[in-house]
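All of these numbers come straight from a predicted model, not from anything done at the bench. Below, each value reflects all heavy atoms present in this structure, side chains not excepted, and no hydrogens, waters or symmetry copies.
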Amino acid sequence: GHWVARLSCAHLQHVRHRPPFEQRPWTQTEAGRRSRLGTVLGCVRCDDSEWPDDVVDYKTTPVFDQDTVPKGLLAAHTTKAGVWARIEVLEGSLRYTVVGPPVRVRELTVGQGGVIVPEVAHEVAPLGRVRFRIVFAKAA
């Protein structure tokens with residue numbers, strides 16, 4: 001019985017009016033809801049790097065290694081709005097840094113890839129010998 005917002009990141013978010021905890025009286029009328037279309041809402045699921053349920057893969061990079069990784073991936077960069085990506089490590093390890101805020105650094109290994117959230121600055125760095133690829137996805 002609550003309204004659900006479809007965010008540009010592809011996550012869904014309940015939008016409730018439950019005073020005194022959540023003050024969203026605009027959810028109570030159609031005109032109020034319509035007036036808020038396009039409003040930016042924070043996404044807790046993106047903050048947790050949680051992969052959305054409703055995205056599909058559409059592109060995969062070639063396999064890169066420590067010698068062929070494009071220079072652009074080694075410096076801070078972002079994906080476009082609505083574009084998610086997964087880093088799949090096939091061999092070795094890779095340092096994955098979310099530039100933030102907050103800054104988060106993870107070592108990615110085989111079977112423990114990284115999630116790239118749309119429009120969030122990040123970079124990678126090989127940690128010795130590595131082979132990896134990136135799979136891009138967007139809302140279906």
Side-chain angles (χ1 to χ4, degrees):
H2 296 284
W3 293 97
V4 176
R6 179 176 299 278
L7 306 179
S8 63
C9 62
H11 286 125
L12 301 177
Q13 183 179 98
H14 283 95
V15 184
R16 300 177 176 103
H17 177 60
R18 296 186 312 181
F21 304 107
E22 295 167 309
Q23 298 289 331
R24 295 184 180 131
W26 53 267
T27 64
Q28 304 305 292
T29 66
E30 185 175 338
R33 292 186 295 274
R34 202 171 329 129
S35 75
R36 300 292 252 184
L37 291 176
T39 299
V40 175
L41 297 174
C43 183
V44 175
R45 294 176 70 190
C46 281
D47 292 346
D48 291 338
S49 298
E50 186 177 325
W51 192 261
D53 296 329
D54 193 24
V55 295
V56 293
D57 297 351
Y58 73 92
K59 179 181 172 185
T60 303
T61 67
V63 174
F64 302 120
D65 65 23
Q66 66 281 351
D67 299 319
T68 62
V69 59
K71 291 191 187 314
L73 298 181
L74 300 172
H77 63 284
T78 66
T79 60
K80 295 179 182 175
V83 175
W84 287 80
R86 297 189 301 280
I87 302 171
E88 297 179 344
V89 178
L90 307 171
E91 176 185 335
S93 60
L94 189 69
R95 183 175 59 237
Y96 171 50
T97 303
V98 175
V99 178
V103 173
R104 289 177 280 176
V105 180
R106 286 190 52 211
E107 182 175 337
L108 307 180
T109 58
V110 177
Q112 294 183 323
V115 173
I116 299 171
V117 176
E119 302 181 271
V120 173
H122 60 280
E123 61 192 31
V124 299
L127 297 173
R129 184 173 162 84
V130 67
R131 291 178 55 246
F132 70 98
R133 66 180 166 219
I134 302 170
V135 179
F136 295 93
K138 59 185 171 183

Requested in this report: Using the six-membered ring wherever Trp is involved, compare the ring planes of W84 and W51 and label them parallel, tilted or perpendicular (cut-offs 30° and 60°).
Outcome: perpendicular
Requested in this report: In sequence, state the C-alpha distance, the side-chain angles, and the governing distance for V55 and K138, and then conclude on side-chain contact (heavy atoms from CB on, under 4.5 Å).
Outcome: CA-CA 5 Å; V55 295; K138 59 185 171 183; 5.7 Å; no
Query - 4.5 Å side-chain heavy-atom contact, F136 and T61 - result: yes
Report summary line: Note: T39 and R36 closest approach over all heavy atoms is OG1-O, 2.7 Å
Query raised in the report: Going through the distances and angles, do F64 and V130 end up as a side-chain contact (heavy atoms from CB on, under 4.5 Å)?
Result: CA-CA 8 Å; F64 302 120; V130 67; over 6 Å; no
Report summary line: Interatomic distance, CZ@F132 vs CD@Q66, rounded to 0.5 Å, equals 10.0 Å
Report task. Provide the closest heavy-atom pair for L127 versus L94 in the form atom of the first, atom of the second, distance. Result -> CD1-C, 4.0 Å
Query raised in the report: Can you check side-chain contact (heavy atoms from CB on, under 4.5 Å) on Q23 and H17, steps first, answer last?
Result: CA-CA 5 Å; Q23 298 289 331; H17 177 60; 4.0 Å; yes
Query raised in the report: Looking only at heavy atoms, which two atoms of R106 and G114 are closest? And how far apart?
Result: NH1-CA, 4.2 Å
Query raised in the report: Where is the tightest heavy-atom contact between V117 and T79, given as atom of each residue plus distance?
Result: O-OG1, 3.9 Å
Query raised in the report: Between D65 and D67, is there a donor-acceptor pair closer than 3.5 Å when you use the side chain of the first and the backbone of the second?
Result: yes
Requested in this report: Identify whether V110 and I116 are in the same connected component of the hydrophobic contact network (ILVMFWY, side-chain heavy atoms under 4.5 Å).
Outcome: yes
Query raised in the report: Any sub-3.5 Å donor-acceptor pair from H77's side-chain atoms to G72's backbone N or O?
Result: yes
Query raised in the report: Would one find more than 12 heavy atoms of other residues, nucleotides or ligands at under 6.0 Å from atom CZ of R129?
Result: no
Query raised in the report: In Å and rounded to the nearest 0.5 Å, what is the CD to CH2 distance from Q28 to W3?
Result: 10.0 Å
Query - R133 versus T60, closest heavy-atom pair with distance - result: CD-CG2, 3.7 Å
Query - Linked, directly or transitively: I87 and V120 (ILVMFWY side chains, under 4.5 Å) - result: yes
Query raised in the report: For the residue pair A76 and E123, what are the closest heavy atoms and their distance?
Result: N-OE1, 3.2 Å
Report task. Report yes if the side chains of Q112 and V89 come closer than 4.5 Å at any heavy-atom pair, otherwise no. Result -> no
Requested in this report: Verify the cluster assignment for Y58 and I134: are they in a single hydrophobic cluster under the rule of side-chain heavy atoms below 4.5 Å apart?
Outcome: yes
Query - Main-chain N/O of V115 paired with Y96 side-chain donor or acceptor, under 3.5 Å - result: yes
Report task. Mark yes or no for whether S93, through its side chain, and E107, through its backbone, hold a donor-acceptor pair below 3.5 Å. Result -> no
Query - E30 atom CD, neighbour heavy-atom count above 12 within 6.0 Å - result: no
Query raised in the report: Should L108 and V124 be marked as a side-chain contact (heavy atoms from CB on, under 4.5 Å) after you check the CA-CA gap, both sets of side-chain angles, and the distance that decides it?
Result: CA-CA 10 Å; L108 307 180; V124 299; 5.8 Å; no
Query raised in the report: Is the side chain of H122 donor-acceptor paired with the backbone N or O of V98 at a distance under 3.5 Å, no angle test?
Result: no
Query raised in the report: Checking T29 side chain against G32 main chain: does a donor-acceptor pair fall under 3.5 Å?
Result: yes
